[in-house]
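Remarks on the structure that follows.
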Amino acid sequence: MLALTACSIKITSQPDPSIPKDTMLLAADKGTPMMEKNFNPYLSNKRVAASYIYEPLLVTNALDGKQTPWLASGYTLPNASTIDYTIRSGVKWSDGQPFTASDVKFTFDLLKKYPTLDIKGAWQHIDSMQVEDRGASGQHLVVKLKGADAPAQSIISLTLIVPEHLWKDQPNPDTWRNPDPVGTGPYTLGNFAAQQYTMNKNQDYWQADKIQVNHLVLPASTSQLDVVTKGFDWAYAYMSNVQGTWEAANPGNKYWFPPGGVISLVPNLSKAPFSDLKVRQGISLALDRDKIAGVATENYMQAAGQTGLLLPNQQDQLDPSIADQGIVKQNTKAALEAFAQAGYTQQDGKLVNAAGKQLSFAITTANGYTDWLRAVQEVRKQLAALGIQVDIKQPQPAGYQQAIQNGDFEVAMGGMGGGDLFQAFNNLLSSEFYAPVGKQAAANFQRFKDPAVDVLLDDYKKTTDPKQQTQLNYKLQQAVYTQLPVIGMYYGGLWGLYNTSKFTGWPDANNPYAPPQTYDSTPLLVFTHLKLVGADAQAGNAAAKEG
């Protein structure tokens, strides 16, 4: 975390004069310390820019779940177990070969053969698929699902598509580093060195007219001090005192930190006393979420509601019958009443059960997550005021992940919510992901089980009716709001830093068409929106000269 302040050393940032005006300096990748030339889009240690080269069928805005047709120009759901994609025509691979529906089918077949490459989990839902050429209606990919599973479209559509003519003869695609990538995306690989690589505009890109950032420079060294001082155009980084550091360094420096999820307390529901709803209600009512949000995020983020929705971007999907948009206000009296119904009363400054034993538990958070640690410390302070003892465990991130997957915790820091509403609820609530303590869970880490909620999720999978989906969304929000499978506290931010000196059209609160993140597929939305400063004027002058 950058600890520089506006009242200490004045830091300024000037663009690197060696970088042309149509070139973006991008803090998106990191060396450790050297960068490996790995552009296999399915490997965990790939270069970030692999997702600027390879594209999905649809791009999902993680802020609100809205989808934009991409390599598929559209899709229909003839029924809840069938997806019919229209594959976009006129697209070329960057080596000039035509992109076809066969490439899409080949990609999915490849992921089926090598399951470790199926990082989105598409084949958990797919039964079979076939290509259909419908003449004037174009090429289609018809996907048959394993059952009624309409929301699976949002997962399957995220799969990045690779060229059959280059990948079909690779003997080990699950380990291949793909050093000379060929994709359909807006950029191709330029120069590559261990400390920096470059990307160039794909001149044959199917949306080439929308790409005005002609070159990208991605250095390996992207510390927060680098980001502030070296004239970066775009970065994704939490920065302490962002106004006094990033904004103060250059007049064109701006930031936007929209909510990307709800940071929550995750109680282990398979363990007492957290299996008791009244205990969870007591903890929830005891918390001053505004204070927690302020302490954890330096007031960048706000208290979040208990529905799991990201507001205001998902406002149109919020159940209007839920009071105060799901915000739970601190109410000490009500908290103590809930604890009393669970058998806990205050005695000599401690909250104790009938045997006189104090309510005490540990909260597990990941070491190095400083905002989470500040949140846990504030939670501990607030619960101590009621007589609850809270300890803090801070395993390394890998140990933290293992602990929550295996259920080796009492209460953990975690999150809920996300752009796709159904997938967020399904991952949080479905007993399909339930695993007993000691067994690894892929989701539903709190070990929630409710047959009635499973029915709601199952009904959602069976319908393609938007009105019915809305009503089911409302009922799922009610389940999260009333049953407290996790206890929402504040929004986790997406830490977007950008500069408007060379490029405009960035997403912001007034135009939230994409999150400001530099990873995954949503940067494709950003790259196709950005405009070169002065480009319109230059085009007008050129037209005048020709006239």
Side-chain angles (χ1 to χ4, degrees), residues 1-2 4 13 23-32 35 41 44-53 59-64 185-187 196-199 213 216-243 245-247 249-250 252-261 263 296-298 300-301 310 313 366 368-372 397 415 418-419 491-509 511-530:
M1 179 180 297
L2 196 64
L4 302 166
S13 170
T23 299
M24 175 182 290
L25 185 60
L26 184 58
D29 220 336
K30 281 181 170 29
T32 53
M35 291 195 291
S44 60
N45 59 342
K46 63 183 175 292
R47 299 271 59 84
V48 166
S51 58
Y52 311 164
I53 296 171
V59 177
T60 300
N61 180 351
L63 298 176
D64 56 18
Y187 294 100
Q196 179 173 289
Y197 63 98
T198 63
M199 310 286 289
V213 183
L216 309 176
V217 178
L218 295 97
S221 179
T222 56
S223 71
Q224 293 189 22
L225 185 59
D226 289 329
V227 168
V228 174
T229 60
K230 293 186 177 179
F232 277 86
D233 297 293
W234 187 10
Y236 181 82
Y238 179 85
M239 193 169 290
S240 183
N241 185 20
V242 70
Q243 295 94 346
T245 51
W246 172 252
E247 273 201 326
N250 185 295
N253 282 355
K254 311 292 181 186
Y255 72 95
W256 183 41
F257 295 165
I263 306 303
T297 71
E298 300 183 53
Y300 296 146
M301 307 306 298
L310 308 183
N313 293 319
Y369 290 22
T370 53
D371 53 335
W372 282 18
Y491 289 121
L494 298 174
W495 314 111
L497 309 173
Y498 59 93
N499 183 283
T500 59
S501 301
K502 295 196 296 188
F503 307 107
T504 60
W506 297 96
D508 59 21
N511 188 17
Y513 65 84
Q517 66 196 42
T518 55
Y519 54 91
D520 289 341
S521 292
T522 48
L524 296 171
L525 295 170
V526 179
F527 288 130
T528 51
H529 275 78
L530 293 180

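Quick caveat, the model's predicted, so the values are computed rather than measured. The first residue of the sequence shown is numbered 1, and numbering continues consecutively from there.
Counting heavy atoms from C-beta outward, T23 and T198 have side chains that stay 4.5 Å or more apart. Contact of the D371 side chain with the Y300 side chain is not registered, since no non-hydrogen atoms from C-beta on lie closer than 4.5 Å. Residues E298 and Y238 meet the side-chain proximity criterion, which asks for heavy atoms closer than 4.5 Å. Residues W506 and K254 form no side-chain contact, since every pair of their non-hydrogen atoms from C-beta on lies 4.5 Å or further apart.
Residue pairs satisfying the salt bridge (Lys or Arg N to Asp or Glu O under 4.0 Å) criterion with at least one member in residues 219-229, sequence neighbours excluded, are listed as follows: D226-K230.
Residues satisfying the salt bridge (Lys or Arg N to Asp or Glu O under 4.0 Å) test with D520, not counting sequence neighbours, are none.
Summarising the geometry, atom CG belonging to L530 is positioned 11.0 Å from atom CG belonging to L525; distances are rounded to the nearest 0.5 Å. Between atom CZ of residue F232 and atom CG of residue N253 there is a gap of 12.0 Å, rounded to the nearest 0.5 Å. Taking CG of N499 as the reference point, atom CG of N250 lies at 5.0 Å (rounded to 0.5 Å). Rounding to the nearest 0.5 Å gives a distance of 8.0 Å between CD of Q224 and OG1 of T245. Here the OG1-CE distance, from T518 to M24, works out to 10.5 Å after rounding to the nearest 0.5 Å. Put simply, CD on Q196 and CG on D29 are 11.5 Å apart, with the number rounded to the nearest 0.5 Å.
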(message) Set out, in order, the CA-CA distance, both residues' side-chain angles and the distance that settles side chain to side chain contact (heavy atoms under 4.5 Å, CB included) for Y513 and V526, then state yes or no.
(response) CA-CA 8 Å; Y513 65 84; V526 179; 4.1 Å; yes
(message) Between I263 and T297, is the side chain to side chain contact (heavy atoms under 4.5 Å, CB included) condition met? List the steps.
(response) CA-CA 11 Å; I263 306 303; T297 71; over 6 Å; no
(message) With ring-ring contact (aromatic ring centres under 6.0 Å, His included) as the criterion, how do W234 and F527 come out once you've worked through the C-alpha distance, each side chain's angles and the decisive distance to 0.1 Å?
(response) CA-CA 11 Å; W234 187 10; F527 288 130; 5.7 Å; yes
(request) Please assess M35 against L218 for the test side chain to side chain contact (heavy atoms under 4.5 Å, CB included), listing each intermediate value before the final yes or no. (result) CA-CA 11 Å; M35 291 195 291; L218 295 97; 5.7 Å; no
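The aromatic rings of Y255 and F257 lie tilted to each other, with the angle between the two planes from 30° to 60°.
Minimum interatomic distance between P219 and L25 (heavy atoms only, all atoms of both residues): CG-CD1, 3.8 Å. Contact between L310 and A62 at its shortest, heavy atoms only, is CD1-O, 4.0 Å. In plain terms, the two heavy atoms of L63 and P259 that are nearest each other are CD2-O, 3.7 Å. Nearest heavy-atom pair across A514 and N61 is N-ND2, 3.6 Å. Contact record, S51 with V48: OG-O, 3.1 Å, taken as the closest heavy-atom pair. Taking every heavy atom of both residues into account, W246 and V228 meet most closely at CE3-CA, 4.2 Å.
Between Y236 and the choices Y498, W256, Y519, the ring pair (Phe, Tyr, Trp, His ring centres under 6.0 Å) rule is met once, by Y519.
The environment of OH in Y369 is sparse: at most 12 heavy-atom neighbours from other residues, nucleotides or ligands sit within 6.0 Å.
Judged by distance alone, the side chain of T504 and the main-chain N or O of T500 form no donor-acceptor pair under 3.5 Å.
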